[in-house]
Structure formats: structure tokens, C-alpha cells
Novice: 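Structure incoming, see below.
So that the names make sense, note that chain A is the first sequence line, chain B the second, and so on, each numbered from 1. Note: hydrogens, waters and symmetry copies are ignored here, and every other heavy atom, side chains too, is used.
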There are 2 protein chains.
Amino acid sequence: MTEQPFENGSTASHMKPTHVARDTYDERQTHILEAATLVMARDGYQRATMRSVAREADVSIAGIYHYFDSKEKLLFVIQFRAFTSLLANLRERIHGIADPVEQLHLMVRSHVGYFATKIHALKVCSHELDSLTGAEFEEIRELRLEYYRMVRAIVDRVFGTYASGSRIDPHVATMSLFGMLNWLYRWYDPSNDRSHSNVAHQITTQFLEGITGEGNGDRINGSSPTETTARAGSQR
Amino acid sequence: MTEQPFENGSTASHMKPTHVARDTYDERQTHILEAATLVMARDGYQRATMRSVAREADVSIAGIYHYFDSKEKLLFVIQFRAFTSLLANLRERIHGIADPVEQLHLMVRSHVGYFATKIHALKVCSHELDSLTGAEFEEIRELRLEYYRMVRAIVDRVFGTYASGSRIDPHVATMSLFGMLNWLYRWYDPSNDRSHSNVAHQITTQFLEGITGEGNGDRINGSSPTETTARAGSQR
DNA sequence: TCAGTCCGAACGAACGTTCGATCGGCACAG
DNA sequence: CTGTGCCGATCGAACGTTCGTTCGGACTGA
């Protein structure tokens, strides 16, 4: 009813007068998508039901199917938008930057910053990597692979410039970096914890020193396990 | 409970003559549990059905309920055994070791080594942290917290000994370490990839240098513009 | 009227769980 | 030793619920 896209003004007070929220097609679609993102981040993909998404978005169940073919398509669009946006952000940020260390800084900050604003979407992306099937799974996997390749290229350049003699495998290093980033959703609360640029800086520093500082310390060579058990005994 | 433990011979060829597998109660329970672990690691907790677990374990659906009260109890026992075992391993290994760096080495090697043998269980532990509810969720959370406390204590001691002036928050560092470890199940294949002691060594090295090597390199201070606003955040 | 939106009500499938029955040792009375 | 009653182990078949999805129609602005 009342097809008046922008009449209720730019304020966000337009929530739901009765059950009318006649915005643009794309706006309604995005509105449902955001509700689905919230529910899926909270309950997980399988536990999330179309009924709870409908409740969250304040539409009927059948109303969702007017905008999305299926539950799986909902997840697909969520992940597609997030990964596409992440990729675009990264490309734009590091464009024209020569120093690989600076690129790494920007990459981590971009990732954590995106996380801070779209925390639910990134949780769904980190946690529901195997919930898609078939062609849609492949398409998302391609995006993930593309993201990996970009980060890996940065890591390789950092290695080549500052840690050419390192014995650390760039692949292991890159996966460790992704581990740090993708585990964020388990513990980092952007609203209550420290600022995201602080976290980004710490992660970047830790990673950089982790791969470039290697080689100088003999103390890290603790690979002789049993010899130190000699000075044990006291602890009981 | 038909206490006839070893009558069918000591060879392991006793699997299922027809549909009889009259082992100990505990053996049958563990057998079902391993099947459940495999299925839940493969499909996720929600997607895994009692029917597929029954198929994998070669028992009837009702047969499972003779050993486990519910599907949720299955997950609980899987996680309980894994975390308890991880904790016991860690405690035993670092007992009597004085050097915190050595303790860290042992912790990572213990974790990755456990991963290599019980890969499915550790995947279920890393990925299904929110699938339990109520008292069982709390009990597992307590175990996880205990594991975190032990690792955090090691990290704190490393900081105090080798990186006392570091600006890196030990909590962030610890969570990054857990991120690297818990992300393993996404990419590391113990059967085809490099050895787990190699991976463990790389992760330990990366982490140690990441927190101890900080401060010496001005080159990592690549992006001066906005990062200084970071420390103004809610750093405790 | 027509196309675009949206909904209530329902459908079939799949799920976790339960139930009654059966099978086969084992303890024990005779 | 044998017969009998019991009990743990196991099963097939179902139960009730919940899920994703569909369908026919109602409402609205043009």
C-alpha cells in the first residue's frame, strides 16, 4: 500500500507503521537479507528457519519467497555480497601502493574494519563455508579463492622483501593469518572491546614480526623436548 | 551388561559377523561415538541425522538410544572427551617445565599432534561451539575456559620474560593463537600435507616472533596516518 | 483491468524420539 | 543337567513436530 518510496523522510524512524513498508524492490530485498543475516549469524544456517527470518524481517514466510527462490539462495546472496565487497574494498585500498608491508597493513585493516560494521555477515561467511552446495558453492569458493590469492600475493611479496631467507612456508603463514582474522567473530566485540584499528594493528604487527623476525632467536629452538624435564620435580 | 570382554579373541577381525558385535558396553558406546564424530565433522551437527549416524555405526536408530539419551548428548560426550583429553595432555606435558617458551612449544605441538590423530573430533570442537544448550553447554564452556586459562598463563609468562615492553595485548595475542590453531581444520590435511610437527613448529615460531620481536622494527610502522588513533581506544 | 506485492493455509518430507517385541545369555530352582 | 524366568541389547515401525516450499487469492496503485 502507498507506493511512496522516500516520503517517510531520511530518518530511520520508518520501521513498520502497521505492516506496510513499501519501499523500493531492492530496499525490501536488502531488508529481508539483513534480517536473514542476523538470524543466520545468531542461530547458524541450519537452525535458522524461514519462519524466524520472516519474523525478524516482519514479513510473511511466503513474502520472502517473492524476493528469494529458496533458503539456500538467501545464504548465497549474503556470502556473495560480503565477499564481493571485501574483494572490492581490498583492491581499491591497495591499488597504487608499492610497499608490500603497507599493503598488508591495509589488508588487515580493511578486513577488520569491514568486520566491525558487518559483523553478522562476516560471521556467516566465516562459519557457514560448507553450507552451500552445487554451483552456488563453487561460485562462492571461487570468490574465496580469489581473496586468498590476493592476500597470498601480498604475503609472498613481504617474504621476498623482508624475509627472503625465512624457513616459514608462505602458505602456512597465510592460513595462519586467515585463522587470526576468521576467528575474530568468536571473541571480538566491536561495541565493547577495543577499537578495530587497534586490533588490526596488533594482528598486523604480530603477523609481520612473526614471519620477518624469524631466524635471530635461538631460544625459540625448543625442539629438544625431554631434556628440560630434568629440572622438574618441584611442582606438585 | 554381558561382561565377556575378550572372548571373541584378541584379533581385531571381529567386526560384525552378521549383525552381532557383542563387545563391552564401553566399546560399543565408543564405536557409536566415533561414527557420530565422523558424521558430525563431515555434515555439521544440525545436518547430521541420527539415521546417518546409525548407518555409519551399523546399528539401528533405536540402538543408539540405548547408549545415548539424545542427539545433543552425543555431541556433548564428543566434546567432553576431546577437551578433557586436550587438557590432560597439556597438563602432563608442561608439568615441571620452567621455561615458558618451552611450554609454548609443547602446547602447540600437543594441540597440533592431537589434531593429527583426532581430526574429526577437533573439527567438531572447533566448529560446533554453540550447538549445545543449557547445562551441557555451560559444562563444555567451563572446559574451554580452563584451556584458555592455561594457554593464557603460558602466554603471559612468555610476555613477562621475553616481551615485557610489548604493546601487544596478551588477550589479543592469545586469541590470535587460538585462531591459528582452530582454523587448522579448514586447510590442514595431516595425511597429505607436511608433518604436524613441522606445522606446529612454524606456528610456534610465528607466534613467538610475533610477540617478542615487536618493537625492534620501524619498518613495520608502515602506516602512520590513522593507526595512532587506535591506542586511544579502550585499551585496558 | 492488470501487474506487482503480499499473505494465510496448507503440503509432503524429514527429523528426533518412542514403543512394543524379539533374541539370546545367565542365574538359579528342581 | 535341564528347564524357566529375567534382563540387557537390539530392532522395525511408527509418532508427533517442524521444516522448506507452494498455491490460490486478496489487496493496491496505475
Novice: By nearest heavy atom, map B/Ile61 and A/Thr49 onto DNA chain D; which one lands nearer the 5' end?
Specialist: B/Ile61
Novice: Would you call A/Arg91 and A/Glu146 a salt bridge, using N to O less than 4.0 angstrom?
Specialist: yes
Novice: In whole angstrom, what separates B/Ile64's CD1 from C/dT18's P?
Specialist: 13 Å
Novice: Calculate the interatomic distance between B/Glu27 atom CD and D/dT10 atom P; express it in whole Å.
Specialist: 12 Å
Novice: Side chain of B/Ser60 only, please: which of C/dG8, D/dA9, D/dC11 is the nearest?
Specialist: D/dC11
Novice: Is the shortest side-chain N/O distance from A/Arg28 to OP1 or OP2 of C/dC6 below 4.0 Å?
Specialist: yes
Novice: If only atom types and distance count, is the side chain of A/Thr117 paired as donor or acceptor with the main-chain N or O of A/Tyr114 below 3.5 Å?
Specialist: yes
Novice: Would you indicate which nucleotide in D/dC23, C/dT17, C/dC6 comes nearest to any side-chain atom of B/Lys71?
Specialist: C/dT17
Novice: Taking atom P of D/dC15 as reference, at what distance in whole Å does atom OH of B/Tyr65 sit?
Specialist: 17 Å
Novice: For A/Phe68 and C/dT5, give me the distance from atom CZ to atom C1', rounded to whole Å.
Specialist: 15 Å
Novice: Using a cut-off of strictly less than 4.0 Å, decide whether B/Arg51 has a side-chain nitrogen or oxygen near OP1 or OP2 of C/dT17.
Specialist: no
Novice: Would you call the rings of A/His171 and B/Trp187 parallel, tilted or perpendicular, where under 30° means parallel and over 60° means perpendicular?
Specialist: perpendicular
Novice: Please work out if A/Ala54 contacts a base, only the sugar-phosphate, or nothing of the nucleic acid, heavy-atom cut-off 4.0 Å.
Specialist: nothing
Novice: Would you kindly give the OH-to-P distance between B/Tyr25 and D/dC7, to the nearest whole Å?
Specialist: 17 Å
Novice: How long is the line joining CG of B/Asp43 and P of C/dA14, in whole Å?
Specialist: 15 Å
Novice: Can you tell me how far P of C/dC6 sits from CD of A/Gln29, to the nearest Å?
Specialist: 12 Å
Novice: Between A/His66 and C/dT5, is there a side-chain N or O to OP1/OP2 distance below 4.0 Å?
Specialist: yes
Novice: Can you tell whether the side chains of B/Arg186 and A/Asp130 come within less than 4.0 Å, N to carboxylate O?
Specialist: yes
Novice: Mind checking B/Tyr67 for me? I need base, sugar-phosphate or nothing, with any heavy atom below 4.0 Å counting as a touch.
Specialist: sugar-phosphate
Novice: Can you check the A/Arg55 CZ to C/dC6 P distance for me, whole Å?
Specialist: 19 Å
Novice: According to the interplanar angle, ranging from 0 to 90°, do the rings of B/Tyr25 and B/Tyr67 count as parallel (below 30°), tilted (30 to 60°) or perpendicular (above 60°)?
Specialist: tilted
